[in-house]
Structure formats: C-alpha cells, structure tokens
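If you scroll down you'll find the structure; I have some questions about it.
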Amino acid sequence: MVRIGVESVPIVAVIGFAVGLIIAMQAAYQLERFGATIYVADLVGVSMVRELGPLITAIIIAGRSGSAIAAEIGTMKVSEEIDALQTMALNPIGFLVVPRMLAMMIVVPCLTVIADFVGIAGGFVLAITNLNLSFVAYFNQTAEALLVKDFITGLIKSFFFAIIIAQVGAYQGFNVQGGAEGVGKSTTTSVVVSIFLVIFADLLFTMLFYSTL
C-alpha cells in the first residue's frame, strides 16, 4: 500500500491539478462568449469525478505500479524464485499476487478521491484568478452540480480498474519467457494491455451508469 499508494500521491496530485486547470481553461474560453463562466465549476467537477479522476489515476498506476508488479514477478520467474516458493510449499499466487491485489484495491480508490478534489481545486484556482469568481459562488455551483451518484460511480470504476491493473501485471509476470529481454517485453505489454482494458472498462461503466441520462 505504501509503494502503490503513498508514493504515488505526489504525481497523482500534480497531474490531477494540471488536468483540472486545463479543463477550466478550455471551458472558460468557450463559456465566456455567453457570459456563463460560472458553469466552469459544473464542467470541472463533473468531468473530474465521473471520468477523468478515476481514469487518470488508473493510467498513472498502470504505468507506475502495474509495470512494477510485472517486472518483480517476471524477475522472480526467470531467476527461479517462484519454483523455490513452490518447493517450500508456498502458493505463489497467495504469496505474491494477493497482497498486491488487496493493496491495489484499497489505495486506487483513495488516490482517485485525491485526484478528484485536487482537479476541482485546479479549476477553482483559475476561476478566482482569471474569471473573477468568488470562492462561495464556485463552491456552491460545484456542490449543486455534483451528486452522490457521481462519487460512487467514480469509486466503483476505480475499484475495478485496480483489479484489472493488478491482474494484468501478475499475469504478464508469471508468463515471462526468456531472460532480461523477456522481463522487459512483459513489463511493456502489461502497461499497454492495462491501459487498453482500463479505457474499455471505463466505456462500459459509463454506458451502464449513464445510459438513462
């Protein structure tokens, strides 16, 4: 949990803040034409909580921790450490995969919440510095735009994203063939496959949760 979660907080926070700021800039550019800059709060809040917070966090973790899982297990595979575990009557799945899976399932939703709030804060910074909106007005508009359902669906997405990342990393690690070159290929494949499956899962969840809206 420390390696996957705590050590990922700075990069998740920085990227979340930057994304929130970018969304606010792009939205303000269009909404200023209609005198509706207050709706920047709606766009930033809903975009971060529903989609971008969980998705960005999952992509960061896939590149940072999913690849690490594949590399660690793959290195153990080629150095025959997994065979040694089996010789000692230790189940490699329970010993290597389960702790990483549980840690991922716990910390990725927590990181998603951080990304959500930091992204909203990025939009808030632009709103009070460039758009002359007050803190109270921006806060109230964000509170009106966001629903509990938005937070819950974002957390559900991040929970399943965590499972995908951990499973793909472990699968690629256990299926390494060859030496160091095989570990490198497996690590690269785990990142690519994880990001693809995360985005595809995000599409499915979005269709499921918001098809009636």
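On a predicted model such as this, the values are computed, not experimentally measured, just so you know. Positions are given from 1, in the same order as the sequence printed here.
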> Say you draw a straight line from CZ of Arg50 to CG of Asp150; how long is it, rounded to the nearest 0.5 Å?
Replying inline: 4.5 Å
> Just how far is it from atom CD1 of Ile163 to atom OG of Ser158, taken to the nearest 0.5 Å?
Replying inline: 10.0 Å
> Less than 4.5 Å apart, any side-chain heavy atom of Leu85 and any of Met76?
Replying inline: yes
>> If you count every heavy atom of other residues, nucleotides or ligands that lies below 6.0 Å from Ile11 atom CD1, does the total exceed 12?
In response: no
> Do Ile82 and Ile73 come close enough that some side-chain heavy atom pair is under 4.5 Å?
Replying inline: yes
> Out of curiosity, Ile38 CD1 to Leu131 CG, how far, rounded to the nearest 0.5 Å?
Replying inline: 9.0 Å
> Is there a side-chain contact between Val12 and Val118, using heavy atoms and a 4.5 Å cut-off?
Replying inline: no
> Counting heavy atoms not belonging to Glu81, are there more than 12 under 6.0 Å from its CD?
Replying inline: yes
> If you draw a 6.0 Å radius around CZ in Phe174, do more than 12 non-hydrogen atoms from other residues or ligands fall strictly inside?
Replying inline: yes
>> Checking Met104 against Ile69 for the side chain to side chain contact (heavy atoms under 4.5 Å, CB included) test, could you report, in this order, the C-alpha distance in whole Å, the side-chain angles of both residues, the deciding distance, and whether it holds?
In response: CA-CA 11 Å; Met104 193 80 74; Ile69 292 174; 3.6 Å; yes
> Counting distance only, does the side-chain N/O of Asp202 pair as donor-acceptor with the main-chain N or O of Val198 below 3.5 Å?
Replying inline: no
> Taking it one step at a time, do Phe17 and Val125 satisfy side chain to side chain contact (heavy atoms under 4.5 Å, CB included)?
Replying inline: CA-CA 10 Å; Phe17 184 85; Val125 168; 3.9 Å; yes
>> For the OG atom of Ser134 and the CG atom of Asn140, what is their distance to the nearest 0.5 Å?
In response: 8.0 Å
>> Please find the pair of heavy atoms, one from Ala145 and one from Asp42, that lie closest to each other, and give the distance.
In response: CB-OD2, 3.4 Å
> Just wondering, do Leu146 and Val46 contact through their side chains at under 4.5 Å, heavy atoms?
Replying inline: yes
>> Ignoring hydrogens, what is the shortest heavy-atom contact between Pro54 and Phe161? Give both atom names and the distance.
In response: O-CD1, 3.7 Å
> Taking it one step at a time, do Thr188 and Lys185 satisfy side chain to side chain contact (heavy atoms under 4.5 Å, CB included)?
Replying inline: CA-CA 5 Å; Thr188 303; Lys185 288 181 179 179; 5.9 Å; no
> So do the side chains of Arg3 and Ser65 get within less than 4.5 Å of each other, counting heavy atoms only?
Replying inline: no
> Can you hop from Met101 to Ile4 via hydrophobic side chains spaced under 4.5 Å?
Replying inline: no
> So, Ser190 side chain and Thr187 main chain: donor-acceptor pair closer than 3.5 Å or not?
Replying inline: yes
>> Working note: Leu204 + Phe160, criterion side chain to side chain contact (heavy atoms under 4.5 Å, CB included); need CA distance, chi angles, decisive distance, verdict.
In response: CA-CA 12 Å; Leu204 295 180; Phe160 283 98; over 6 Å; no
> In terms of the angle between their ring planes, are Phe124 and Phe135 parallel, tilted or perpendicular, with boundaries placed at 30° and 60°?
Replying inline: perpendicular
> About how many Å separate OG1 of Thr37 and CD of Gln30, when rounded to the nearest 0.5 Å?
Replying inline: 13.5 Å
>> Using the rule that Ile, Leu, Val, Met, Phe, Trp and Tyr join whenever any side-chain heavy atoms are under 4.5 Å apart, tell me whether Met1 and Val9 fall into a single cluster.
In response: yes
>> Could you work out, with side chain to side chain contact (heavy atoms under 4.5 Å, CB included) as the rule, every residue matching Leu197, not counting sequence neighbours?
In response: Ile164, Val168, Val193
> Linking I/L/V/M/F/W/Y whenever any side-chain heavy atoms sit under 4.5 Å apart, do Met105 and Ile156 land together?
Replying inline: yes
> Looking only at atom types and distance, does a side-chain atom of Ser186 sit under 3.5 Å from a main-chain N or O of Val183, one as donor and one as acceptor?
Replying inline: no
>> Holding to side-chain hydrogen bond (donor to acceptor under 3.5 Å, both in side chains), I want the full list of residues that pass it with Thr153, two or more places apart in sequence or in another chain.
In response: Tyr210
> Within a reach of under 6.0 Å around CD of Gln26, are more than 12 heavy atoms found that belong to other residues, nucleotides or ligands?
Replying inline: no
> Counting distance only, does the side-chain N/O of Asn130 pair as donor-acceptor with the main-chain N or O of Leu126 below 3.5 Å?
Replying inline: no
> Any link between Val148 and Val113 through a network of hydrophobic side chains (Ile, Leu, Val, Met, Phe, Trp, Tyr) touching at under 4.5 Å?
Replying inline: no
>> Around atom CD of Glu7, are there more than 12 heavy atoms from other residues, nucleotides or ligands closer than 6.0 Å?
In response: yes
> Rounded to the nearest 0.5 Å, how far apart are CG of Leu52 and CD1 of Ile15?
Replying inline: 12.5 Å
